[in-house]
There are 2 protein chains.
Amino acid sequence: MCKGGTYDVAMTSMAPEERIGSHIKRAEQALLAAKNAACKPAAVTVPQYAALLWLAEKPGISAAALARLCGVTPPTMNTVLKNLQGRGLIERTPHEWHRNVLETRLTDEGRTVMERADAGAVRVERALAAAFTEEERTQLIELLGRCAEVLDAQR
Amino acid sequence: MCKGGTYDVAMTSMAPEERIGSHIKRAEQALLAAKNAACKPAAVTVPQYAALLWLAEKPGISAAALARLCGVTPPTMNTVLKNLQGRGLIERTPHEWHRNVLETRLTDEGRTVMERADAGAVRVERALAAAFTEEERTQLIELLGRCAEVLDAQR
DNA sequence: GAATGTATGTTAGAGCTCTAATATGTGCAA
DNA sequence: TTGCACATATTAGAGCTCTAACATACATTC
């Protein structure tokens with residue numbers, strides 16, 4: 001049972017396979033790699049695709065609100081939006097009332113690119129979903145939700 | 001059932017809540033945030049901690065092998081090791097036979113820092129594990145494993 | 001009206017991550 | 001021996017990510 005490593009895992013630490021976090025990380029890494037490959041034909045990164053997808057559903061949204069939807073900080077979203085704007089996939093215009101807010105919208109090209117990337121991403125999601133029964137899928141989502149809940153509370 | 005967004009999700013795409021990937025990502029984000037906070041007293045990042053932990057168990061390992069264990073590319077591990085070496089937490093010496101290989105080892109300070117970070121990380125992992133029954137934990141790990149398998153095959 | 005609070009936006013800096021390309025060294029095979 | 005294959009190491013460049021700090025603008029309260 002005990003490993004033969006120099007650092008005595010059994011006494012003070014925990015083996016990697018026992019760490020639920022290891023398995024979450026591995027799944028996330030595989031997910032990112034698969035989505036990255038799926039987005040490649042559209043020449044966008046996964047974070048860029050995520051932003052474009054939300055922008056399609058919520059035109060004129062603020063960068064801060066978009067950051068919350070995508071689960072990143074405002075400076076991070078700022079970086080992503082800069083790259084998207086530099087490629088002409090989005091445009092940002094000052095809000096009529098709240099002068100400090102910039103409304104962000106897809107350009108026509110941005111919409112085209114998003115739809116192309118989305119096709120790939122959905123293909124990945126469908127393949128993933130197909131690996132589970134309805135019941136398993138429900139349970140997986142429930143268990144993952146509990147993970148997020150507990151971990152957020154830890155902080 | 002259908003959302004009122006501009007981009008018609010129902011026809012060509014998929015709602016975020018239906019995407020298993022969304023839930024994996026959320027759990028991983030919460031995990032990273034919790035581990036980050038846990039590693040902060042030791043003043044190391046999560047990737048740095050991961051490298052230190054493996055180094056404790058496998059002294060003299062090559063950077064490439066360490067990269068595989070940590071699930072990152074060699075250039076990424078190179079970046080992490082540079083930072084660790086700059087802080088004097090590891091040392092790298094040429095391999096006796098294979099001149100191209102650098103053997104990497106913890107310094108005394110590196111071991112101390114690792115143990116401090118590990119205490120925090122294990123605390124997070126134990127809290128996470130405590131949120132599930134034995135059966136749930138087993139199933140979660142099995143389901144996550146299937147995710148990784150399917151996603152890797154997609155690529 | 002002035003102070004406070006809250007939300008948005010941005011910059012700076014450190015660090016992680018990838019792909020692509022290059023160099024070096026080892027071992028095997030024609 | 002020469003060439004090929006493979007592993008390791010590194011550099012370059014683009015992009016994502018965070019925390020910290022600061023600036024701006026609106027809204028509420030005193």
Side-chain angles (χ1 to χ4, degrees), chain A residues 25 28-52 60-87 89-90 92-104 155, chain B residues 25 28-52 60-87 89-90 92-104 155:
Chain A
K25 192 189 167 196
E28 156 73 8
Q29 278 177 328
L31 175 69
L32 200 63
K35 287 224 168 160
N36 214 329
C39 286
K40 201 167 186 182
V44 285
T45 64
V46 175
Q48 284 172 353
Y49 156 65
L52 292 177
I61 193 175
S62 76
L66 189 55
R68 280 191 294 271
L69 285 175
C70 291
V72 297
T73 59
T76 298
M77 186 49 69
N78 197 287
T79 301
V80 175
L81 291 181
K82 257 184 192 167
N83 286 326
L84 288 174
Q85 192 171 22
R87 287 185 47 195
L89 302 185
I90 61 169
R92 311 183 71 183
T93 55
H95 192 287
E96 186 153 5
W97 299 344
H98 299 61
R99 292 279 164 73
N100 203 31
V101 174
L102 287 177
E103 289 188 332
T104 304
R155 225 178 1 136
Chain B
K25 192 189 167 197
E28 156 73 7
Q29 279 177 328
L31 175 69
L32 202 62
K35 288 222 169 162
N36 215 328
C39 288
K40 200 166 188 185
V44 286
T45 64
V46 175
Q48 284 171 353
Y49 157 66
L52 292 178
I61 193 176
S62 76
L66 190 54
R68 280 191 293 272
L69 284 175
C70 291
V72 298
T73 59
T76 297
M77 185 50 68
N78 196 287
T79 302
V80 174
L81 291 182
K82 258 185 192 165
N83 287 325
L84 288 174
Q85 192 170 22
R87 286 185 46 194
L89 302 185
I90 61 169
R92 312 183 71 185
T93 55
H95 192 286
E96 186 154 3
W97 299 344
H98 299 62
R99 293 280 164 70
N100 203 31
V101 173
L102 287 177
E103 288 187 333
T104 304
R155 218 170 14 126

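The shown structure was predicted, so the numbers you read here are calculated from the model rather than taken from an experiment. We use all heavy atoms of the structure for the numbers below, so side chains are in, but hydrogens, waters and symmetry mates are not. Throughout, protein chains are lettered first and strands after them, A, B, ... in sequence-line order, and every chain is numbered starting at 1.
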Report task. Select base, sugar-phosphate, or nothing to describe what B/Thr79 touches, counting heavy atoms under 4.0 Å on all strands. Result -> base
**Report entry** DNA chain D: 5'-proximal contact among B/Val101 and A/Pro74 (nearest heavy atom)
**Finding:** B/Val101
Query raised in the report: B/Ala65 or A/Thr45: which one's nearest nucleotide on DNA chain D is closer to the 5' end?
Result: B/Ala65
Query raised in the report: Is the closest side-chain heavy-atom distance between B/Leu81 and B/Leu66 below 4.5 Å?
Result: yes
Query raised in the report: For the pair made of CD in B/Gln29 and P in D/dC16, what is the distance, rounded to whole Å?
Result: 15 Å
Report summary line: Here the pair of heavy atoms bringing A/Arg87 nearest to A/Ala42 is NH2-O, 4.1 Å
Query raised in the report: Below 4.5 Å, heavy atoms only, C-beta onward: do A/Leu89 and A/Val44 meet side chain to side chain?
Result: yes
Report summary line: Rounded to whole Å, CG of B/Leu81 lies from P of D/dT11 at a distance of 13 Å
**Report entry** side-chain N/O A/Lys82 vs C/dT11 OP1/OP2, d < 4.0 Å
**Finding:** yes
Report task. From the options D/dC16, D/dT8, C/dG9, select the nucleotide whose nearest atom is closest to the side chain of B/Arg68. Result -> D/dT8
Requested in this report: Keeping to residues at least two apart or across chains, list the side chain to side chain donor-acceptor pair (under 3.5 Å) pairs with something in residues 66-78 of chain B.
Outcome: B/Thr73-B/Thr76
Requested in this report: List the atom of A/Gln29, the atom of B/Gly71, and the distance in Å for their closest heavy-atom pair.
Outcome: NE2-O, 2.9 Å
Query - Atom-pair distance (CD1 on B/Ile61; C1' on D/dT8), nearest Å - result: 13 Å
Report task. Select base, sugar-phosphate, or nothing to describe what A/Val46 touches, counting heavy atoms under 4.0 Å on all strands. Result -> nothing
Query raised in the report: What are the two closest non-hydrogen atoms of B/Ala67 and B/Met77, and how far apart are they?
Result: CB-CB, 3.8 Å
Query raised in the report: Out of D/dT10, C/dT8, C/dC16, which has the shortest distance to the side chain of B/Arg92?
Result: D/dT10
**Report entry** A/Thr76 side chain, from C-beta outward: closest of D/dA9, D/dC16, D/dC18
**Finding:** D/dC18
Query raised in the report: How close or far is atom C1' of D/dC16 from atom NZ of A/Lys35, stated in whole angstroms?
Result: 17 Å
**Report entry** Closest contact, heavy atoms only, B/Cys70 versus A/Lys25
**Finding:** O-NZ, 3.3 Å
**Report entry** Residue mapping more 5' on DNA chain C - nearest nucleotide basis, A/Lys40 or A/Glu103
**Finding:** A/Glu103
Query - Between C/dT17 (P) and B/Asn83 (CG): distance, integer Å - result: 11 Å
Query - Options D/dC16, D/dT8, C/dG9, nucleotide nearest the side-chain atoms of A/Leu102 - result: C/dG9
Report summary line: Atom CD of A/Gln85 and atom P of C/dG9 are separated, to the nearest Å, by 12 Å
Query raised in the report: Can you tell me how far C1' of D/dC18 sits from CG of B/Leu31, to the nearest Å?
Result: 16 Å
Short N/O separations, protein against nucleotides 21-24 of chain D, under 3.5 angstrom:
from: D/dT24; atom 1: O2; to: A/Asn100; atom 2: ND2; distance (Å): 2.8

Query raised in the report: Rounded to whole angstroms, how far apart are CG on A/Leu66 and C1' on D/dT17?
Result: 15 Å
Query raised in the report: Counting side-chain heavy atoms from C-beta on, which of D/dT17, D/dA9, C/dT8 comes nearest to B/Asn78?
Result: D/dA9
Report task. Measure across A/Ser62 and A/Val101 and return the closest heavy-atom pair with its distance rounded to 0.1 Å. Result -> CB-CG1, 4.0 Å
Requested in this report: Could you work out which one of C/dC16, D/dT19, C/dT19 sits closest to the side chain of A/Thr73?
Outcome: D/dT19
